[in-house]
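All values below were derived from every heavy atom in this structure, side-chain atoms included, with hydrogens, water molecules and symmetry-related copies excluded.
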Amino acid sequence: MNAPRTSAPQAAPGTGRLVLLTTTHRVAPGLLSWPAWQTLRAADRVLCADADHPQLPYLRDAGIAVEITEADARALVAYCVADAAAEDGADGVAGAAAGGRTVVVVTSAAGESALTNELAALAGSGRAAVPDLELLPGSYDLPGARLLDLVQIMDQIRLACPWSSQRTHQDLAKYGIEEAYELVEAIEAGDRDELREELGDVLLQVVFHARVAQDDPAEPFGIDDVAATIVDKLIRRHPHIFGDATARTPEEVKELWLRTKAVEKQRTSVTEGVPLGQPALALAAKLALRARKAGISALPDGPGFGYELLALAARAEAAGTDPETALRAAARTYRDAIRAAEGADAEASGAVGAGESAE
């Protein structure tokens with residue numbers, strides 16, 4: 001029996017209480033809810049089938065005795081209910097005195113499906129008294145908890161997969177570009193299921209690259225370093241939230257962001273930080289934006305379609321239109337028109353063929 005007892009919820013007289021205590025591996029062991037600690041301290045017995053359960057050292061430190069054993073439904077029911085004294089130690093469990101008892105089963109990561117199935121069968125049979133059955137969450141997943149699973153899975157893959165274990169940042173670069181384009185396509189299509197999947201694929205690229213970086217012999221860093229870097233940047237770039245600055249409109253926020261960024265980067269040219277590997281229209285628009293913000297008028301006037309497209313991209317940017325997005329939308333419309341024309345041609349050919357067959 002675990003002592004001292006506390007004011008945990010009591011079982012109804014004569015029935016007892018059987019509690020399945022669930023925890024999450026994504027929260028540090030030992031951090032349990034107050035109702036969980038109350039119930040554990042007040043329990044007559046605490047069982048756990050997993051000898052390596054991460055909660056066990058902390059339960060023992062708290063003075064809670066835990067039996068490492070497989071939970072047997074019939075034995076536990078006999079122990080809990082009031083008439084267990086008549087059972088005289090069914091399945092090796094000593095008979096209970098009059099009055100219900102409380103048993104806590106600390107569930108494993110895989111769950112206790114065999115136990116719950118047998119308890120459900122006993123409760124549904126109507127042939128035997130059963131204790132009050134309760135599922136008690138001892139700890140809860142916080143928002144973002146599944147990211148820990150992704151990091152863990154990626155670590156296992158990096159160590160065990162013959163392909164993934166050999167990848168470098170250079171090998172993976174093309175996949176980052178592909179996944180970004182697929183994400184854009186999902187956004188433009190308005191497909192929510194596809195959007196969720198493509199966001200996951202982009203996230204995988206981040207986690208994969210961070211895991212590769214962890215193996216660098218000279219300058220290793222990991223996913224926590226990546227997260228810390230962006231957290232610090234977001235705090236610095238939002239002084240109106242995390243500091244004393246004031247920004248009441250989206251325009252003021254953007255201006256504050258650019259001003260803070262300029263102080264951080266200390267760049268000597270407005271073209272620094274503009275990736276030349278991006279699509280040409282996006283590149284042209286970005287350069288035009290930087291030049292316009294800096295009051296620089298240096299748009300070259302040359303022959304050919306390239307300079308015409310450059311001028312058109314600059315005009316679009318000045319008018320508040322992203323030329324890359326605008327052209328993509330027009331291209332999608334063009335694609336749909338081509339498909340419609342192909343369908344019309346196919347129908348017309350089918351009609352002609354049918355007429356010839358009739359003749």
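Across every non-hydrogen atom of V46 and A65, the tightest pair is CB-O, 3.6 Å. The shortest non-hydrogen separation linking P35 to L136 is O-CD2, 4.0 Å. For the pair A129 and V77, the tightest heavy-atom approach, listed with the atom from each and the gap, is O-CG1, 3.4 Å. The nearest pair of heavy atoms linking S33 to P137 is OG-O, 3.5 Å. Across every non-hydrogen atom of L115 and A71, the tightest pair is CD2-CB, 3.8 Å. The shortest heavy-atom contact between L56 and A51 is CD1-O, 3.5 Å.
A heavy-atom distance below 4.5 Å is not found between the side chains of R26 and L142. The side-chain heavy atoms of V27 and T23, taken from C-beta on, include no pair separated by under 4.5 Å. Residues P239 and L256 have side chains in contact (heavy-atom distance under 4.5 Å, counting atoms from C-beta outward). Looking at P220 and Q214, their side chains never come closer than 4.5 Å, going by heavy atoms from C-beta outward. Taking 4.5 Å as the limit, every side-chain heavy atom of E134 sits out of range of all side-chain heavy atoms of L20. No side-chain heavy atom of L21 sits less than 4.5 Å from a side-chain heavy atom of T107. In this structure, the side chains of I223 and R211 stay at 4.5 Å or more apart for every pair of heavy atoms. A heavy-atom distance below 4.5 Å is not found between the side chains of V130 and L119.
Applying the side chain to side chain donor-acceptor pair (under 3.5 Å) definition to pairs two or more places apart or across chains, none involves residues 306-316. Evaluation of the ring pair (Phe, Tyr, Trp, His ring centres under 6.0 Å) test over residues 104-123, restricted to residues two or more places apart or in two chains, returns none. Every pair passing ring pair (Phe, Tyr, Trp, His ring centres under 6.0 Å) that includes a residue from residues 116-170 is listed here, sequence neighbours excluded: H169-H209. Pairs passing the ring pair (Phe, Tyr, Trp, His ring centres under 6.0 Å) check and including a residue from residues 244-269, sequence neighbours excluded, read H238-W257. For residues 275-294, the set of pairs meeting the side chain to side chain donor-acceptor pair (under 3.5 Å) definition, not counting sequence neighbours, comprises R292-E317.
Here the CG-CG distance, from D141 to L148, works out to 8.5 Å after rounding to the nearest 0.5 Å. Between N117 atom CG and E112 atom CD the span is 11.0 Å, to the nearest 0.5 Å. Taken to the nearest 0.5 Å, the CD atom of E70 stands 9.5 Å off from the SG atom of C48. Atom-to-atom distance recorded for Q55:CD and L40:CG is 9.0 Å, nearest 0.5 angstrom. In this structure, I338 CD1 and T333 OG1 are separated by 11.0 Å, a value rounded to the nearest 0.5 Å. Here the CZ-SG distance, from R101 to C80, works out to 9.0 Å after rounding to the nearest 0.5 Å.
Ion pair E188/R328 flagged as a salt bridge, since at least one NZ, NE, NH1 or NH2 atom sits closer than 4.0 Å to an Asp/Glu carboxylate oxygen. At a threshold of 4.0 Å, the pair D132-R17 does not count as salt-bridged, since none of the basic side-chain nitrogens sits closer than that to a carboxylate oxygen.
A continuous path of ILVMFWY side-chain contacts below 4.5 Å connects L59 to I68, so both sit in one hydrophobic cluster. Using a 4.5 Å cut-off between side-chain heavy atoms of Ile, Leu, Val, Met, Phe, Trp and Tyr, with links allowed through other members, V81 and L122 fall into the same hydrophobic cluster. The hydrophobic cluster containing W34 also contains L32, counting ILVMFWY residues as joined when their side-chain heavy atoms lie under 4.5 angstrom apart, directly or transitively. When hydrophobic clusters are built by joining Ile, Leu, Val, Met, Phe, Trp and Tyr residues whose side-chain heavy atoms come closer than 4.5 Å, directly or via intermediates, L133 is grouped together with V103. In the hydrophobic clustering of ILVMFWY residues, with side-chain heavy atoms under 4.5 Å counting as a link, L150 and V212 come out together.
No cation-pi contact links R167 to F208, judged by a cut-off of 6.0 Å to the six-membered ring centre and 45° from its axis.
Taking the salt bridge (charged side-chain N to carboxylate O under 4.0 Å, His left out) definition, one finds that R146 meets it with D149, sequence neighbours left out. The salt bridge (charged side-chain N to carboxylate O under 4.0 Å, His left out) check on R267 picks up nothing, with sequence neighbours excluded. Remark: D336 engages no residue in a salt bridge (charged side-chain N to carboxylate O under 4.0 Å, His left out) (not counting sequence neighbours). When the side chain to side chain donor-acceptor pair (under 3.5 Å) test is applied to D193, the partners found at least two apart in sequence or on another chain are R196. Contacts of R236 classified as salt bridge (charged side-chain N to carboxylate O under 4.0 Å, His left out), with partners at least two apart in sequence or in another chain: E264.
In this structure, the side chain of E252 engages the main chain of R248 through a donor-acceptor pair within 3.5 Å. The main-chain N or O of T168 is found under 3.5 Å from a side-chain atom of D171 such that the two form a donor-acceptor pair. In this structure, S164 contributes its side chain and C161 its backbone to no donor-acceptor pair below 3.5 Å. With Q266 contributing its side chain and V263 its backbone, the two residues share a donor-acceptor pair below 3.5 Å. In terms of modelled atom types and a separation under 3.5 Å, the side chain of Q166 and the main chain of P162 share no donor-acceptor contact.
Applying the 6.0 Å contact sphere to CD of E185 captures no more than 12 heavy atoms from other residues, nucleotides or ligands. No more than 12 heavy atoms of other residues, nucleotides or ligands sit less than 6.0 Å from atom CG of D224.
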Item to check | Candidate pair V274 and L283, rule side-chain contact (heavy atoms from CB on, under 4.5 Å), full reasoning | outcome: CA-CA 8 Å; V274 178; L283 172 61; 3.6 Å; yes

Checklist entry - Checking side-chain contact (heavy atoms from CB on, under 4.5 Å) for the pair L18/V105: CA distance, chi angles, key distance, verdict? => result CA-CA 8 Å; L18 181 53; V105 177; 4.2 Å; yes

Anything under 3.5 Å between a donor and an acceptor, one on a side chain of residues 197-207, the other on a protein residue two or more places apart or in another chain? List them.
none

For residues 226-235, please give each side-chain donor-acceptor pair under 3.5 Å, one per line with the distance, not counting sequence neighbours.
from, atom 1, to, atom 2, distance (Å)
T229, OG1, D225, O, 2.8

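With S139 as reference, T24 is the one residue of T24, T22, L31 to meet the side chain to side chain contact (heavy atoms under 4.5 Å, CB included) rule.
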